[in-house]
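This chain uses plain numbering: 1 for the first residue, then up along the sequence. It should be emphasised that the depicted structure is a prediction, and the values quoted were computed from it without experimental measurement.
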Amino acid sequence: MTSNSANNALKIIPLGGLHEIGKNTCVFEINDEIMLLDAGLAFPTDGMHGVNIVLPDVTYLRENRHKIKGMIVTHGHEDHIGGIAFHLKQFDIPVIYGPRLAMALLEGKLEEAGVSDRTELRQVRPRETVRVGTSFLVEYIRNTHSIADSCSVIIHTPVGIVVHTGDFKFDHTPVDGETFDIQKLAEAGEKGVLCLVSDSTNAELPGHTPSERSVFPNLDREFGKADKRLIVTTFSSSVHRVNMILELAQKHNRKVFVVGRSMLNVIAHARDLGYIKCPESLFLPLKSLSHTADENVLILTTGSQGEPLAALTRIADDSHRQLKVKPGDTVVFSANPIPGNTIAVVNTIDKLMMRGAKVVYGKDKGIHVSGHGAQEDHKLMLALTRPKYFLPVHGEHRMLVKHSETAQSMGIPADHMVIINNGDIVEVNPAGIRIAGKVPSGIELVDASRVGVVGRDVLKERQQLAEDGVVTIAATVGSNGKLLADPTVQIRGVVQSISQERFQGQVKQIINQVLSNRGAELMVSNGKGKATLDLDALKVALDQDLRRLVRRELDKRDPMLIVLLQSSVEASTQSQPQAQAEPKPKVEPKPKVEPKLQAEAKPQVQSQPQPQPEPAMAERRTRTRTTASVS
């Protein structure tokens, strides 16, 4: 960039959606005003044990909450709106604009999360313009995608026009008849687009992405082949696909049984808004399933991605309370696995087949098409907008690189585009485009409790427990620094080549050695003129030797090591009968005991014995290895 002041540049800061699929979240900032575009989530990888949702790190937004003027939402997919409710628990967003279906879905999420009072939702129709702060004037235009009511946006800023495509493809025969507003894109191109920010998901694929309508005859064929129950799974948010399935159910005289909370929710909202048109009589409750002839049944369910808790996955596992696979059932997967879900989907298909179902799946069947444009769609977008600068987003690294190569083939110079990571600050103005720094980025993990973020330490502990197990060592040490009993050792999740007795003996030997060799330095004054053992210092002293023992004797495994030590006054006085003798007030002289021991003995002379206090417990956890990096 030239010497123009950076204050005159628009900052574009993606917090998610780059070098990955999902959690699309982007910050636009100029003149100390922030406008957010989408805030999505992603789903956990295999190493994220117990994690349900993956969100972008929004430290930058927390620190700059006073600058946030509003948010614009492009469409209602989870990877674009799924994180909003979680973010509103951390900072307010004055107003959120978006298409009708997205706002209807978002409203339910915010109410469920109890944060609906943290923002104002406003529905926007295509070709309407909204102002966010004083620096952003945003025009919504209809695009075509795999969900109804999807939009691209034309953003007018003090430095020029920015077009953000959202997720898109050019579908000239859309199911709902709502075509891409190519005219408005061309008008923006005529005025002059400073920067195009464009979806890169299918940048590696040549040609055009087929129309959603092309799926209809292939689904029709498979429906016609099914002579018993028909089970169909697809993305619940693919409103156009769901609409076609319901249309085919009527054609083939099948009643529809909807299974899965998200599927029920989307269908309800889509029907209210008119995106799905079908009679109420088409649907029946699950309790009517046993009274309906198999050849008249269509079960529409979630689980196309093999999600562990989804309805179809539980059906395949034979763990669903109301549905069981019958031999002869036909199961249609009208969806392709997204990256990372292939194994889960294949396992679900195998289980369904083993239970006697005929499963229809695969790209060769033509029962699914993507909602993202391929290379020729990208070329058309570039040709219509004719941007000066180009920023590929929404995709893994190879997709971003391929998209940039396509842009260069359309005449955009290589130095007029940047390939970035989450958190990179892109500054753009008429003088140039550059990476001008970085803000905190990474991931925040949410588990089923949804009460807080799963920290890196917690995730590492879960990974270590899953891979190497846990060893717990508990020992009781007297205040005089002597081991009072054999230590207790518990080994969980570790394949042992050493006997429990031998390992326990070695642990005892190490503890005695440390107490013998370093006992004096581990004693501290109790403030009453008497020395007592410092448990925390003892644990530090034991840590290295015990870890070395665990690795040596457990075949170089590296389990989590938990050391529990207690110093029990009661235990230490059991070896001194005279201190434990029950006193006889007013008859025998008062026993000569230390003040601390006398305090322990006093309750024994009361008519109602009081419970002994819990021994002081201390714990040290050793975390030594993890297999997944959380950046």
Thinking salt bridges, do Lys109 and Glu112 make one under a 4.0 Å N-O criterion? no
Using only atom types and a distance under 3.5 Å, with no angle test, would you say the side chain of Thr119 pairs donor to acceptor with the backbone of Ile93? yes
Have Thr74 and Asp38 got a donor and an acceptor in their side chains that come within less than 3.5 Å? yes
For Ala374, is there any backbone N or O sitting under 3.5 Å from a side-chain donor or acceptor partner on Asp377? yes
Could you check if a side-chain atom of Glu178 sits within less than 4.5 angstrom of a side-chain atom of Thr144, using non-hydrogen atoms only? no
Inspect the surroundings of CZ in Arg261 and state if more than 12 heavy atoms from other residues, nucleotides or ligands are less than 6.0 Å away. no
Does a sphere of radius 6.0 Å around OH in Tyr275 hold more than 12 heavy atoms from other residues, nucleotides or ligands, not counting ones at 6.0 Å or beyond? yes
Parallel, tilted or perpendicular: ring planes of His368 versus Phe235, cut at 30 and 60 degrees: tilted
Exactly one of Asn143, Val153, Leu196 should register a side-chain contact (heavy atoms from CB on, under 4.5 Å) with Thr165. Which one does? Leu196
Mind listing the closest non-hydrogen atom pair of Pro217 and Arg213 along with its distance? CD-O, 3.6 Å
Taking C-beta and beyond as the side chain, do Met103 and Ile96 meet within less than 4.5 Å on heavy atoms? yes
Between the side chains of His372 and His394, does any donor sit under 3.5 Å from an acceptor? no
Any side-chain hydrogen bond (donor to acceptor under 3.5 Å, both in side chains) involving residues 380-393? Give me the pairs, sequence neighbours left out, ordered by first then second residue. Glu190-Arg386
Please check if the number of heavy atoms outside Lys184 that lie under 6.0 Å from its NZ is greater than 12. yes
Using side-chain heavy atoms (C-beta onward) and a distance below 4.5 Å, is Phe223 in contact with Ile245? yes
Given Arg241, which partner from the list Val175, Val369, Leu246 fulfils the side-chain contact (heavy atoms from CB on, under 4.5 Å) test? Val369
Grab the two heavy atoms, one from Lys365 and one from Arg221, that are nearest each other, plus how far apart they are. O-NH2, 3.2 Å
Give me the atom names and distance for the closest heavy-atom approach of Ile412 to Pro387. CD1-CG, 3.7 Å
With heavy-atom distances below 4.5 Å as the criterion, would you say the side chains of Val266 and Ile147 are in contact? no
Name all residues meeting the side chain to side chain contact (heavy atoms under 4.5 Å, CB included) criterion together with Asn265; count only those two or more places apart in sequence or in a different chain, and write none if there are none. Leu105, His269
Under 3.5 Å side-chain donor-acceptor pair for His80 and Asp167: yes
Salt bridge (Lys or Arg N to Asp or Glu O under 4.0 Å) test vs Arg142 passes for just one of Asp149, Asp181, Asp176, Asp171, namely Asp149
How about Glu78 and Ser237: does a side-chain donor come under 3.5 Å of a side-chain acceptor? no
For Ser200 and His403, test the side chains for any donor-to-acceptor distance below 3.5 angstrom and give the result as yes or no. yes
Non-hydrogen side-chain atoms of Arg398 and Val401 separated by less than 4.5 Å: no
Within-4.5 Å side-chain heavy-atom neighbours: Asn422 and His19: no
If you define the side chain from C-beta out and look only at heavy atoms, does anything of Lys438 sit under 4.5 Å from Asn421? yes
With side chains defined as the heavy atoms from C-beta onward, is the minimum distance between Phe86 and Val58 less than 4.5 Å? no
Does Arg65 CZ have over 12 foreign heavy atoms under 6.0 Å away? yes
Glu444 bridged to Lys23 by N-O distance under 4.0 Å: no
